[in-house]
Undergrad: 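Let me begin by handing over the structure; questions about it come next.
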Amino acid sequence: QAKTSGKNRYQLFDPESDRKAQLHRRTLESLELALQQQQFLLYYQPKVDLGSGRIIGVEALIRWQHPERGLLAPAAFLPTLQGSELETAFGRWVLDEGVAQAARWQAQGLGMAISINVSANYLLHADFYPHLQQALQRYPQLPPARLELEVLESAALADMDQALAVLQQCRALGVHFALDDFGTGYSSLTYLRKLPLDTLKIDQSFVSGMLEDVDDLGIVASVIQLADVFQRQVIAEGVETMAHGAVLLQMGCRLVQGYGIARPMPAAELEGWCRQWQLQGLWRQLGDGPVI
Ligand code: C2E
Ligand code: MG
Ligand code: MG
Ligand code: MG
């Protein structure tokens, strides 16, 4: 069996790439089935202000509760989804579930801001804005400003005009935006100049490495300065120890997220975690915590 690629060009059957294509198809099929069978769920990782000790919100992170393989992280299935038809269905599901959870917390008096990761493909898809609008309309009690969308620097965002149009539309609803994994892409500065992004997220690799690696430390310091110059908020992810927190505070970055504060957890555990965090008062050892 020969496959055409381009005009009048024939390639020999390549068993290796055929096997890969089959595997890709099968994985997509199983992802679609798993979505129908509600095997996906969102975990939530707290974000805190180390200066005041306040919990400022949570980031929603998708997990696959696989019937045989256990709980799977996004690295196990997001790459397959990327660029597929199914990416839109997943994007919708994550928005719906995240907004619904934010509304539940709101109703419980736990006014929790929620950050949702949106792939660039979905952000620029025609379905995205109307779906977001619908999701927010479903919960009129939920202030749209409680919702932040995290977008990765990526090639898809390179269409600045289109990206700008969507971001402006969403911001008119009151929704905020963060640029995720800042510093790992190559056109960060262009995004920063042109796009109305509220927050820069310093990539976890730089933060977790900054105590041993001066280059990482330099990058972290530069992003904090950039955020200051462009008047954006800055948050550091990958804060694995209190030492990371202390160094970030010294550099003027108060907002943090990382295993040292809390690992991502199911929604049901978050309320208990919040109570415990308030009680422990660990942040008071670090900075200008609340005066009691
Ligand atoms: P991200 O948005 O940059 O999320 C942060 C990732 O770093 C999460 O990995 C989190 O568990 C991990 N992390 C948090 N604190 C630490 C730390 O102190 N040290 C280290 N080493 N890692 C830490 P996770 O949950 O595996 O997610 C990986 C990526 O998958 C996310 O990176 C995001 O880009 C993507 N993702 C996750 N959920 C969704 C989703 O619902 N939709 C889309 N489109 N992408 C998602
Ligand atoms: Mg993120
Ligand atoms: Mg990130
Ligand atoms: Mg990341």
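Along the sequence shown, residues carry numbers from 1. Counting starts at 1 for both ligands and their atoms, following the listed order. Just so you know, these numbers use all the heavy atoms, side chains as well, and skip hydrogens, waters and symmetry mates. If you're wondering where the values come from, they're calculated on a predicted model, not measured in any experiment.
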Undergrad: Report yes or no: does Ser208 have a heavy atom closer than 4.0 Å to ligand 1?
TA: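 It does not, in that no heavy atom of Ser208 comes within the 4.0 Å cut-off of ligand 1.
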Undergrad: Hey, which atoms in ligand 1 end up nearer than 4.0 Å to a heavy atom of Leu78?
TA: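 The list of qualifying atoms is 30 (O), 35 (C), 36 (N), 45 (N), 46 (C).
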Undergrad: Indicate yes or no: does an N/O atom of Ile62 lie under 3.5 Å from an N/O atom of ligand 1?
TA: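 It does: an N or O of Ile62 is found under 3.5 Å from an N or O of ligand 1.
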Undergrad: Angle at the Mg ion (ligand 2): provide the value between OE1 of Glu150 and OE2 of Glu59, rounding to 10 degrees.
TA: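 Computed angle, vertex at the Mg ion (ligand 2), rounded to 10 degrees: 90°.
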Undergrad: Quick check on contacts: which atoms of ligand 1 are under 4.0 angstrom from a heavy atom of Pro264?
TA: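 Near Pro264, meaning under 4.0 Å from one of its heavy atoms, ligand 1 has 11 (O).
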Undergrad: Should you measure from each heavy atom of Gly258, which atoms of ligand 1 turn up under 4.0 Å away?
TA: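 By the 4.0 Å cutoff, the relevant atoms are 15 (N), 18 (O).
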Undergrad: Counting heavy atoms only, which part of Asn117 comes closer than 4.0 Å to ligand 1: side chain, backbone, both or neither?
TA: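 The answer is both, backbone and side chain.
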Undergrad: Suppose we screen for side chain to side chain contact (heavy atoms under 4.5 Å, CB included). Which residues come up paired with Leu255, at least two apart in sequence or across chains?
TA: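 With sequence neighbours excluded, Leu255 shows a side chain to side chain contact (heavy atoms under 4.5 Å, CB included) to Asp49, Ile56, Gln233, Ile235, given in chain and number order.
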Undergrad: Regarding Gln106 and Gln141, do their side chains bring together a donor and an acceptor under 3.5 Å, going by distance alone?
TA: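 No, because no side-chain N or O of Gln106 sits under 3.5 Å from a partner of the opposite role on Gln141.
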Undergrad: Under a 3.5 Å distance rule, please check whether Asn117 uses its side chain to pair with a backbone N or O of Ala60 as donor and acceptor.
TA: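 Here the side-chain-to-backbone pair exists.
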Undergrad: Below a 4.0 angstrom heavy-atom separation, can you tell me which part of Asp181, side chain or backbone, both or neither, approaches ligand 1?
TA: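 For Asp181, only side-chain atoms sit under 4.0 Å from ligand 1.
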Undergrad: State the atom name: nearest N, O or S atom of Asp180 to the Mg ion (ligand 2).
TA: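 So the atom name we want here is OD2.
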Undergrad: Please confirm whether Glu59 approaches ligand 1 to less than 4.0 Å, judged on its heavy atoms.
TA: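 For ligand 1, residue contact (heavy atoms, under 4.0 Å) with Glu59 is present.
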Undergrad: Can you find a side-chain donor-acceptor pair between Ser119 and Asn121 that sits under 3.5 Å?
TA: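 Their side chains do not contain a donor-acceptor pair, so the 3.5 Å distance test is not met.
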Undergrad: What part of Gln257, side chain from CB on, backbone N/CA/C/O, both or neither, has a heavy atom under 4.0 Å from ligand 1?
TA: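 Neither part.
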Undergrad: With heavy atoms only and a cut-off of under 4.0 Å, state how Arg263 meets ligand 1: side chain, backbone, both or neither.
TA: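 It is neither part, as no heavy atom is under 4.0 Å.
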Undergrad: Relative to the heavy atoms of Glu237, which atoms of ligand 1 are at a distance of less than 4.0 Å?
TA: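 Those atoms are 3 (O), 5 (C).
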Undergrad: Per the salt bridge (Lys or Arg N to Asp or Glu O under 4.0 Å) rule, which among Glu153, Glu150, Glu148 passes with Lys201?
TA: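 That would be Glu150.
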Undergrad: Return yes when at least one N/O/S atom of Ser115 is nearer than 2.8 Å to the Mg ion (ligand 2), and no when none is.
TA: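 No, Ser115 does not qualify, because none of its backbone or side-chain N, O or S atoms lies under 2.8 Å.
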Undergrad: Going by atom types only, do Arg104 and Gln101 share a side-chain donor-acceptor pair under 3.5 Å?
TA: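 Yes, Gln101 and Arg104 have a side-chain donor paired with an acceptor closer than 3.5 Å.
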Undergrad: Would you please name every residue forming a side chain to side chain contact (heavy atoms under 4.5 Å, CB included) with Arg263, sequence neighbours left out?
TA: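 Listed in chain order: Tyr259.
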Undergrad: Quick one: which ligand 1 atoms are inside 4.0 Å of a heavy atom on Glu240?
TA: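 This gives 17 (C), 18 (O), 19 (N), 20 (C), 21 (N) as the contact atoms.
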Undergrad: Please could you name the atoms of ligand 1 that Val94 approaches to less than 4.0 Å, counting only its heavy atoms?
TA: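 So the answer, numbered in order with elements, is 41 (O).
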Undergrad: Taking the minimum heavy-atom distance to atom 44 (N) of ligand 1, which of Ala60, Ala236, Ser119, Gly209 ranks first?
TA: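 Selected option, by shortest heavy-atom distance: Ser119.
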